[in-house]
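Chain A is the first sequence line, chain B the second, and so forth, proteins listed ahead of strands; every chain is numbered from 1. Computed from a predicted model, the values in this text were never measured in an experiment. No hydrogens, no waters, no symmetry mates; every other heavy atom, side chains included, goes into these values.
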2 protein chains.
Amino acid sequence: MPLHPGDPGCICYRLRQTARLISRTYDHFLAPVGISIGQFGILATLAAMQGSSISELADVLQMERTTLTRNLLPLKKLGYIEIEEGDDKRAKSLCLTRAGEKTLSDARPLWHAAQQSVEQQLGKAEVQSLSKTLDGAMDRLSASAVKAVP
Amino acid sequence: MPLHPGDPGCICYRLRQTARLISRTYDHFLAPVGISIGQFGILATLAAMQGSSISELADVLQMERTTLTRNLLPLKKLGYIEIEEGDDKRAKSLCLTRAGEKTLSDARPLWHAAQQSVEQQLGKAEVQSLSKTLDGAMDRLSASAVKAVP
DNA sequence: TGGACATACGTGTAATTACACGCATACAAT
DNA sequence: ATTGTATGCGTGTAATTACACGTATGTCCA
């Protein structure tokens, strides 16, 4: 039983390490368009659900609402998204601007290149396995209340 | 070919999502001793390599050196680590204090509980598969230069 | 109608991450 | 010894993450 995260024993730490490493790779590929993989994810997801609220988007992204709020600010400052009042005055309606769509479509090929680079470095089979396992993990984790604390 | 990270297509985004979710779980478990899973990882790894430099520790943790520098500050403020001058006056020597060791040993059972909770939620097989795949990924990624940018 | 409750959101605070840049120290070659 | 180069670190800046708390709006029932 491994007792420190340098060991492969701590799944959490391994996940964080790998996420850091892979994120850096994607960020480098995306650098020419000036957005990060996190921002790309937000833009790409929003593109598929225009007009949704912050909470709805956060739910899909599996992100803390307040985290998303903070992450939206740079995108707004860049003019890539708009945050309007909704019918329900509590909620806000998010949508991509023209500039946002432009940047997103510029970023897509770079994202694809990053994806392919990672696949090439890790091996197709490894990536398939990783994807499959992570999908399963997300399913079960979002099903069960994560807050199940002792 | 999936085109946005809400899809399972982007390995990077899936990794980040899962890392966020699992980190939150570990953080909740570790809350009673007042440290995060990131801090636990640093303390536990440092415990196994007392006296090493910042760069060496960062290398093992697969963390940016400057990121680690920032992450060490709260631990120093809490009195869990000490940062001394080394023989080589450029380098600094890191070590756990008594308080650090105490907190670490208090945290270990909580970490173990988190580990078990995650295993129970995800299923033993899923966790094994995840661990194995992530280990392989880390091996290959740290072997190949991550900075292989177009 | 009024109050209880739920929903949607922002902010304060603080940790985590990383790039660009600059400084000091060590070492090697001339 | 001087000059260059490599190594080890810190800081400025900015994005990412999340908890606790507070505010405003909507809903529902007594």
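Of the side-chain N and O atoms in A/S36, one or more sit less than 4.0 angstrom from OP1 or OP2 of D/dT16. Residue A/R16 places at least one side-chain N or O under 4.0 Å from the OP1 or OP2 atom of C/dT17. Residue B/T67 places at least one side-chain N or O under 4.0 Å from the OP1 or OP2 atom of C/dA18. For D/dG10, one of the phosphate oxygens OP1 or OP2 lies less than 4.0 angstrom from a side-chain nitrogen or oxygen of B/T69. Note on B/N71: a side-chain N or O is less than 4.0 Å away from OP1 or OP2 of C/dT16. Between D/dG10 and B/K92, a contact under 4.0 Å exists linking OP1 or OP2 to a side-chain N or O. Residue B/R90 places no side-chain N or O under 4.0 Å from the OP1 or OP2 atom of D/dT7.
Taking for each of A/A91 and A/T66 the nucleotide of DNA chain C with the nearest heavy atom, the 5'-most of the two is the partner of A/A91.
Distance check, rounded to the nearest 0.5 Å: CZ of B/F40 to OG1 of B/T45 gives 8.5 Å. To the nearest 0.5 Å, atom CD1 of residue B/I22 and atom CD of residue B/Q115 are 9.5 Å apart.
Across C/dT25, C/dT17, D/dA15, the shortest atom-to-atom separation from the side chain of B/M63 is found for C/dT17. In the set C/dC9, C/dA18, D/dC19, D/dC19 carries the atom at the smallest distance from any side-chain atom of B/H28. Out of D/dG8, C/dA18, D/dG26, the shortest distance to the side chain of B/R70 is found at C/dA18. With distances taken from any side-chain atom of B/I54 to the nucleotides D/dC9, C/dA15, C/dC9, the minimum falls on D/dC9. Proximity note for A/R24 (side chain, C-beta onward) versus C/dT25, C/dA18, C/dA15: the nearest is C/dA18.
Counting any heavy atom pair closer than 4.0 Å across all strands shown, A/R65 reaches a base atom. If you check every strand for non-hydrogen atoms under 4.0 Å, B/D88 touches sugar and phosphate atoms only. Nucleic acid contact class of B/S23 (heavy atoms, under 4.0 Å, all strands): none. When heavy atoms are screened at a 4.0 angstrom cut-off, B/S55 is found touching the sugar-phosphate backbone but no base atom.
When rounded to the nearest whole Å, the span between CG of A/L57 and P of C/dG10 equals 12 Å. Put simply, CD1 on B/I42 is 12 Å from C1' on C/dT17, counting in whole angstrom units. Look at CD on A/E64: it is 18 Å from P on C/dA15, rounded to the nearest Å. When rounded to the nearest whole Å, the span between CG of B/L43 and P of C/dA15 equals 14 Å.
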Q: Please lay out, stage by stage, how A/R20 and A/Q17 fare under the test side-chain hydrogen bond (donor to acceptor under 3.5 Å, both in side chains).
A: CA-CA 5 Å; A/R20 279 199 300 266; A/Q17 284 179 331; 5.9 Å; no
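Between the side chains of A/Q121 and A/S117, at least one donor N or O sits under 3.5 Å from an acceptor N or O. For the residue pair A/R16/B/S23, the side-chain donor-acceptor check at 3.5 Å is satisfied.
A/V33 approaches A/D106 most closely through the heavy-atom pair CG1-CB, 3.8 Å.
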